[in-house]
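The structure under discussion appears below in the form of structure tokens.
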Amino acid sequence: MTLEEKAKLVCGMGMTSKKVPGAVGSTYEIPRLGIPEIVVSDGPAGLRLGGTFSGVKAVYATAFPIPAAMASTWDLDLLNKVGVAMGAESKAFGVDVLLGPAFNIKRDPLNGRNFEYLTEDPYLNGRLAAAIVKGIQSEGVGVSIKHFAVNNQETNRMSINEVVSERALREIYLSAFEYVVKNSDPWTVMSSYPKINGVHGAQNKYLLTDILKNEWKFNGLVMSDWFAVKDPVAAVNAGNDLIMPGGPKWGGQGDTSDDVLAGLKNGTIKEADIDKNIKNILKIVLKTLSFKGELPTNKPDLKANVEIVRKTAAEGMVLLKNESSFLPIPKKARIALFGVTAYKSIAGGTGSSNVNKPHIIDISTGLEKAGYTLNDRFKGIYTKYMEFQNDILDKHPESADWEKLSYYRTVIPEMDLSKAESIIECESKKSDIALIVIGRGSGEESDRRLEGDFYLTPEEKLMIEKVSAQFHSLGKKVAVILNVCGVMEMNSWKDQTDAILLAWFPGQECETAIADVISGKVNPSGKLPMTFPVDYYDIPSSRNFPMVGHTNDGKNFNYTNYEEGIWIGYRYFNTVNQPVAYPFGYGLSYTVFSFREPRLERKKDKWIASIRVANIGEVSGKEVVQLYVSAPQNSIQKPSYELKAFGKTRDLKPGESEIVKLQFTDYDIASFDEDDSRWFTSKGTYMLSFGSSSRDFKAAVPFNVNKDKSWKVHDVLKPVEKLNVMRLPVK
Ligand code: BGC
């Protein structure tokens with residue numbers, strides 16, 4: 001290979017592909033050496049080909065539920081099947097590498113991309129992501145696990161310096177990547193935009209070479225995020241094998257590869273070093289469909305995928321509240337349906353994980369199709385109102401579809417019901433129940449706002465208040481469906497409702513999946529993969545999350561101090577014993593489960609735990625067993641509980657039971673010692689709690705670790721600046 005060819009091969013060909021129109025990137029082909037173009041495309045909620053970003057006509061593919069919804073299933077088999085379906089679809093369209101899954105930690109609820117990510121917990125993150133990776137790759141299509149690492153906010157994402165302690169990095173931000181790399185052999189890793197302790201992800205040798213390649217033995221390909229590389233020479237030398245999208249320089253003259261070639265010629269890049277990158281690229285090239293000459297059929301099994309979407313969406317819904325078993329709702333019930341999102345529902349988020357879907361049917365139509373009767377008057381009023389809003393939005397250049405519209409969600413106000421009291425009064429008499437749908441869009445490139453996004457808008461507050469008061473005055477019940485991207489404030493209004501179903505963005509089967517759960521065709525079994533706090537300011541990261549969406553001034557933020565350290569989500573709330581609106585791991589069912597016969601034994605180097613879960617209610621259902629470990633307190637503060645294993649039962653009929661068997665190792669329960677750059681598990685007595693959430697423990701068994709253990713790692717990635725890492729008051 002000539003130097004020119006080497007320089008070209010380590011840079012992509014721009015946001016384009018010769019083979020697959022609408023793909024988001026491709027690599028350089030060298031026909032004389034039999035090296036084909038490799039095609040890559042997004043993303044975590046299904047394949048995105050074409051559409052507004054590309055100038056190429058949208059190709060319709062299956063829009064899966066957003067990853068936040070997938071994570072709420074806590075079901076490894078199901079996510080593996082989702083992965084297989086995504087892989088098969090990518091293969092059918094000739095895409096060699098699918099850019100996902102994405103599993104940055106949900107550090108703060110205002111992160112605009114949380115909907116694309118999985119959880120707030122590194123253990124859960126790693127296991128779920130590995131199941132998806134294995135599924136996708138079983139189809140001969142590679143993944144790009146992303147964004148490595150610490151891509152936890154959109155505000156100034158290309159320039160921000162994320163200042164993070166080594167302990168938080170290792171225990172919280174890198175740990176799931178470590179698990180996925182070591183256990184599911186991802187073909188590629190996507191390095192991230194921000195600086196991590198001073199150096200951009202894509203140019204960070206400590207991260208990419210010392211940790212990922214040398215320590216974790218990753219032997220696939222590292223590609224940069226799109227336009228993340230500021231200095232191609234630094235990226236090549238750091239071990240970022242492929243600079244994406246490459247091609248013409250961003251806003252400048254020439255091609256990205258010119259800089260690499262110049263580096264090779266002037267000696268800032270050694271040929272032996274670029275050869276390592278080339279080798280990593282070629283290893284992956286050899287595995288691809290393109291190299292194997294498999295031609296796209298362009299005929300994915302969309303029908304089969306519809307079933308997986310519907311099932312995953314329904315299983316990912318979380319029943320947050322259900323007073324006096326209000327849900328499921330019998331088909332004969334006459335429903336008064338409120339909320340603009342009920343009449344224009346949201347299937348997915350915006351940005352690179354948007355999927356072009358042929359249609360989205362809204363929740364109102366879904367309920368009618370399922371056999372419910374909707375109150376005509378409200379249906380008419382909302383339909384008219386939405387037509388009016390659509391007229392406004394059609395004039396907006398970005399309002400081509402509802403997902404893009406959801407991006408501008410906050411400019412589409414909920415209807416002001418303050419003057420509709422007499423209509424509500426009159427129509428409530430003709431209806432049996434009220435259903436209120438609350439919607440929240442979210443997307444790449446901007447963070448969420450606090451007012452009118454994390455918190456309800458004044459119109460939404462009023463709608464919940466008025467509708468609940470009127471229906472309750474007649475002894476009729478009210479449920480809220482959340483068609484949302486992520487965590488919201490709920491504490492101030494949840495008491496006004498009888499039931500709350502968190503439906504997320506359920507993908508293209510939005511309407512059927514919601515009707516399945518509302519009608520009881522599917523018994524909800526989803527569990528929250530993140531905490532819903534009482535208030536935003538209860539979250540430690542709120543002290544330094546740049547609230548640009550809030551203040552509309554992102555310009556002044558060039559660093560974010562992760563002062564909360566490891567105290568993310570339930571790790572913090574449980575340890576300080578602070579009330580939350582809904583805890584991590586929480587979710588109700590239409591049936592009831594009992595837990596008995598907890599056991600724990602040591603077999604060779606593993607802890608094997610089991611517990612019998614019985615369905616003691618009246619309908620079939622599934623339950624998630626969650627194992628939390630409490631470590632003895634010693635030199636460093638440990639969270640009071642940490643998830644270390646989980647498993648979901650099969651669908652248990654009333655009266656049936658299943659023994660759920662789970663395992664973990666001493667390494668799984670280790671902490672990170674910054675002074676000594678090592679993982680360690682100290683000897684002592686630990687407690688294993690069997691829970692149905694992080695705050696509902698059914699049994700606990702103590703266990704002893706007999707001797708201290710430690711695992712030495714590289715002493716890298718220390719924060720340069722002083723970081724005041726939060727310490728919790730000693731108990
Ligand atoms: C996103 C990536 C995505 C890439 C290609 C970037 O803006 O951060 O997640 O894979 O674009 O579309």
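One-based numbering along the sequence shown. Counting starts at 1 for both ligands and their atoms, following the listed order. All of these numbers come straight from a predicted model, not from anything done at the bench.
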Ligand-protein N/O pairs under 3.5 Å (ligand 1):
| residue | atom | partner | partner atom | Å |
| --- | --- | --- | --- | --- |
| ligand 1 | 7 (O) | R157 | NH2 | 3.4 |
| ligand 1 | 7 (O) | Y193 | OH | 3.0 |
| ligand 1 | 7 (O) | E444 | OE2 | 2.6 |
| ligand 1 | 8 (O) | R113 | NH1 | 2.7 |
| ligand 1 | 8 (O) | D225 | OD1 | 3.3 |
| ligand 1 | 8 (O) | D225 | OD2 | 2.7 |
| ligand 1 | 8 (O) | E444 | OE2 | 3.4 |
| ligand 1 | 9 (O) | R113 | NH2 | 2.9 |
| ligand 1 | 9 (O) | K146 | NZ | 2.9 |
| ligand 1 | 9 (O) | H147 | NE2 | 2.7 |
| ligand 1 | 10 (O) | D42 | OD1 | 2.6 |
| ligand 1 | 10 (O) | K146 | NZ | 3.0 |
| ligand 1 | 12 (O) | D42 | OD2 | 2.5 |
| ligand 1 | 12 (O) | R48 | NH2 | 3.3 |

If we only count heavy atoms from C-beta on, is the K276 to I274 side-chain gap below 4.5 Å? no

Quick one: ring pair (Phe, Tyr, Trp, His ring centres under 6.0 Å) partners of Y123, sequence neighbours excluded? none

When you check the gap from the basic side-chain N to the acidic O, do E215 and R170 get nearer than 4.0 Å? yes

Taking NZ, NE, NH1 and NH2 as the nitrogens, is one of them in R440 or D453 under 4.0 Å from a carboxylate oxygen of the other? yes

Not counting sequence neighbours, which residues clear ring pair (Phe, Tyr, Trp, His ring centres under 6.0 Å) with F177? List them please. F103, F148

With sequence neighbours excluded, what pairs up with H147 under the ring pair (Phe, Tyr, Trp, His ring centres under 6.0 Å) test? Y117

